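What follows is a short report on a single structure.
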Amino acid sequence: MENTNPSQLRSISLPSRSNPSFSQIEINLNKLKTLEPFYSSTRIHTGLACLTDLYTSIMELLGSTQTQKVNLQSRNKVLIEDALARSTRLMDSYGSLLELLGKMKGSARVLQFALRRKGVATYSTTDGHLMDYFLSRKKAKKNIVACVGSLEQMEREIESCLVDGEDHHLSMVIRVLLEIVIATISLFRYVLVILSGKPKLDHKLYTFITRLMQTGKPSCHKSQEIINDADMIDLTLDSLWKDIKTNECKTVDVQMVMERLHKLDREIEGYEAGLDCLFRKLLQTRVSLLNILAN
């Protein structure tokens with residue numbers, strides 16, 4: 001899978017003086033832009049927190065008296081119905097992403113347990129566990145391609161949609177909601193890109209990175225953009241696999257794999273926690289949209 005950069009977040013001008021929520025939304029959207037690219041777990045966690053705040057602000061707008069009492073004429077009603085349809089698709093994407101994270105975490109834990117239990121002298125017996133992990137990574141990358149494709153299609157549809165309701169205030173709120181949805185899609189794609197890893201990383205690059213890790217020197221920004229824990233685990237396991245086949249397995253190699261697997265496990269748990277908070281906001285936003293139709 002090619003790790004192309006997800007689309008950049010757009011800048012929009014909001015009527016901040018008319019409602020404090022518009023001002024807060026603009027602040028958080030600009031904050032998200034400063035975090036790009038999201039090629040680190042720290043930036044992704046901060047981005048998820050920003051998105052959570054954005055949905056809190058949009059819920060205030062959707063729950064305001066001015067929005068709740070809007071006259072649901074033909075075009076106004078279509079705006080709400082379309083927003084509801086998009087919220088369903090976004091929650092489906094969340095479900096796919098969460099399922100993928102769960103499977104990756106499970107595979108990493110199984111391999112980590114096998115390496116810890118077998119002992120250095122019998123690492124050759126872990127061939128089956130290594131192959132299982134390789135197969136799970138291959139399947140995960142295939143699922144990531146499908147998820148990214150679905151998100152890209154949704155993004156194209158949003159960018160081409162026309163927001164033209166009879167009520168100016170409602171139209172503005174929906175436009176802001178669309179920007180937040182696009183930001184959510186962008187962050188989802190960055191998480192998927194990080195999980196997918198690079199399609200190919202040669203052994204020389206692996207050796208260079210390992211040397212940097214051992215000396216404690218920080219890698220350059222460009223390297224940080226293309227190297228992550230999923231990459232490092234793939235490369236380290238590939239090296240370990242070759243060592244096992246030639247009976248040259250080293251304790252340090254195995255220890256590095258286990259440390260990387262443990263770190264990936266913690267990072268996935270962090271993503272899951274952040275996504276869970278975001279999902280609750282997505283659900284509440286959907287309820288706010290349904291309330292407008294009910295009123």
Side-chain angles (χ1 to χ4, degrees), residues 4-64 66-67 79-80 82-87 89-91 93-94 97 148 151-165 167-194 225 271 274-289 292:
T4 54
N5 289 347
S7 60
Q8 299 293 308
L9 297 178
R10 303 179 296 183
S11 297
I12 60 173
S13 179
L14 301 177
S16 57
R17 294 181 181 179
S18 63
N19 192 305
S21 295
F22 281 121
S23 178
Q24 190 59 47
I25 287 171
E26 191 165 21
I27 290 172
N28 281 312
L29 281 174
N30 289 333
K31 185 176 181 180
L32 274 176
K33 286 180 64 65
T34 65
L35 291 171
E36 288 187 303
F38 296 97
Y39 285 123
S40 73
S41 59
T42 301
R43 290 193 173 199
I44 286 178
H45 292 318
T46 305
L48 287 169
C50 274
L51 281 174
T52 300
D53 292 339
L54 281 167
Y55 279 102
T56 298
S57 297
I58 197 65
M59 282 190 297
E60 292 175 357
L61 287 172
L62 291 171
S64 68
Q66 188 175 0
T67 306
L79 289 181
I80 301 299
D82 288 347
L84 280 167
R86 280 187 290 270
S87 74
R89 294 178 63 184
L90 197 58
M91 286 192 289
S93 297
Y94 159 84
L97 179 54
V148 169
L151 289 169
E152 288 177 343
Q153 181 182 356
M154 194 190 318
E155 186 176 44
R156 286 193 297 269
E157 292 173 1
I158 291 174
E159 290 177 341
S160 63
C161 77
L162 178 64
V163 180
D164 184 28
D167 185 90
H168 175 73
H169 173 77
L170 178 63
S171 296
M172 178 56 69
V173 171
I174 295 300
R175 288 192 190 100
V176 172
L177 178 57
L178 289 179
E179 292 298 329
I180 297 174
V181 170
I182 288 176
T184 306
I185 290 172
S186 179
L187 191 55
F188 280 5
R189 290 174 63 189
Y190 271 110
V191 174
L192 290 166
V193 164
I194 284 182
E225 289 186 351
Y271 293 152
L275 288 167
D276 182 61
C277 292
L278 180 60
F279 177 75
R280 294 178 188 178
K281 296 297 182 181
L282 291 175
L283 195 58
Q284 291 168 2
T285 301
R286 180 174 177 80
V287 171
S288 298
L289 290 168
I292 295 175

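Numbering of residues begins at 1 and proceeds along the displayed sequence. Heavy-atom basis, side chains included; hydrogens, waters and symmetry copies ignored. As the structure is a prediction and not an experimental result, all values here were calculated from the model.
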Say whether, by atom type as modelled, one donor and one acceptor occur between the side chain of [X] and the main chain of [Y] under 3.5 angstrom.
X	Y	value
T184	I180	yes
S64	L61	yes
S288	M59	no
R189	V148	no
T285	K281	yes

>> So which atom in L97 and which in F188 form the shortest heavy-atom distance, rounded to 0.1 Å?
In response: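 Shortest heavy-atom contact: CD2-CD1, 3.9 Å.
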> Taking all atoms of both residues into account, what is the closest heavy-atom pair of L29 and A183, and its distance?
Replying inline: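 Closest heavy-atom pair between L29 and A183: CD2-CB, 4.5 Å.
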If you measure from [atom1] on [X] to [atom2] on [Y], what distance do you get to the nearest 0.5 Å?
X	Y	atom1	atom2	value
I182	L177	CD1	CG	10.0 Å
C161	L178	SG	CG	4.5 Å
M154	I185	CE	CD1	4.5 Å
L151	R89	CG	CZ	9.5 Å
N30	I25	CG	CD1	12.0 Å
E155	S160	CD	OG	11.0 Å

Answer whether the closest heavy-atom distance between the side chains of [X] and [Y] falls below 4.5 Å.
X	Y	value
L90	F279	no
T46	K31	yes
V163	D82	no
L48	C277	no
L51	L32	yes
I194	Y271	yes

> In terms of the angle between their ring planes, are H169 and F22 parallel, tilted or perpendicular, with boundaries placed at 30° and 60°?
Replying inline: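 It falls in the perpendicular class, over 60°.
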>> Let's go through D167 and L79 carefully: what are the C-alpha distance in whole Å and the side-chain angles of both, what is the deciding distance for side chain to side chain contact (heavy atoms under 4.5 Å, CB included) to 0.1 Å, and is it a yes or a no?
In response: CA-CA 10 Å; D167 185 90; L79 289 181; over 6 Å; no
> Between Q24 and S57, is any side-chain donor less than 3.5 angstrom from a side-chain acceptor?
Replying inline: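 There is no such pair between these side chains.
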> Going through the checks in order, is the side chain to side chain contact (heavy atoms under 4.5 Å, CB included) test met by L170 and I80?
Replying inline: CA-CA 9 Å; L170 178 63; I80 301 299; 3.8 Å; yes
